[in-house]
Amino acid sequence: MTDASGSDGAVSFATQIKPLFREKDQQAMSSAFDLWSYDDVRAHASAIVAKLRAGSMPCDGARPEVQVDLFQHWIEGGKLP
C-alpha cells in the first residue's frame with residue numbers, strides 16, 4: 001500500500017525533505033547549518049524537528065503539520081539520503 005511519504009513508505013531527503021525548505025529558509029539558517037545539505041540536516045535533525053514542532057522554524061510562520069510529520073517520519077525511517 002502506498003502513502004503520502006512514498007510508494008513504500010520510505011522518505012527520501014533528496015525528493016521529500018530538501019524540498020520542504022525554501023531558499024529563504026536555507027539562507028536564514030546558513031550560519032548554523034545548510035538545510036539543503038543531507039549531512040547537515042541529518043546531523044541536526046532532532047533540533048530541526050523540535051523547532052518545526054514548536055512553530056519557530058521557519059521564522060515567517062509554522063509549517064503545516066503534515067510537513068512536520070513527514071520530517072519526523074524521515075527521522076524514524078533512518079534518515080535516508
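Here Glu23 pairs with Gln27 under the side-chain hydrogen bond (donor to acceptor under 3.5 Å, both in side chains) rule; sequence neighbours left out. Partners of Asp39 under the salt bridge (charged side-chain N to carboxylate O under 4.0 Å, His left out) rule, at least two apart in sequence or in another chain, do not exist in this structure. The side-chain hydrogen bond (donor to acceptor under 3.5 Å, both in side chains) search around Ser30 returns none, not counting sequence neighbours. Applying the salt bridge (charged side-chain N to carboxylate O under 4.0 Å, His left out) rule to Arg22 yields the partners Asp25, Asp60; only residues at least two apart in sequence or on another chain are considered.
The two atoms that bring Gly55 and Ala62 nearest to each other are CA-CB, 3.9 Å, heavy atoms only. Summarising the geometry of Ser12 relative to Pro81, their closest heavy-atom pair is OG-O, 3.0 Å, with the distance given to 0.1 Å. Of all heavy-atom pairs between Ala14 and Pro19, the closest is O-CD, 3.7 Å.
Annotation: ring-ring contact (aromatic ring centres under 6.0 Å, His included) contacts involving residues 53-72, sequence neighbours excluded, comprise Phe71-Trp74. Evaluation of the salt bridge (Lys or Arg N to Asp or Glu O under 4.0 Å) test over residues 69-81, restricted to residues two or more places apart or in two chains, returns Arg53-Asp69.
Between the CE atom in Met57 and the SG atom in Cys59 there is a gap of 9.0 Å [rounded to 0.5 Å]. Here the CG atom belonging to Leu70 is positioned 10.5 Å from the CD1 atom belonging to Ile75, to the nearest 0.5 angstrom.
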Side-chain donor-acceptor pairs of residues 40-52 under 3.5 Å, sequence neighbours excluded:
unit_1 : atom_1 : unit_2 : atom_2 : d
Asp40  : OD2    : Asp34  : N      : 2.8
Arg42  : NE     : Tyr38  : OH     : 3.1

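Cluster membership check: Phe13 shares its hydrophobic cluster with Trp36, using side-chain heavy-atom separations under 4.5 Å among Ile, Leu, Val, Met, Phe, Trp and Tyr.
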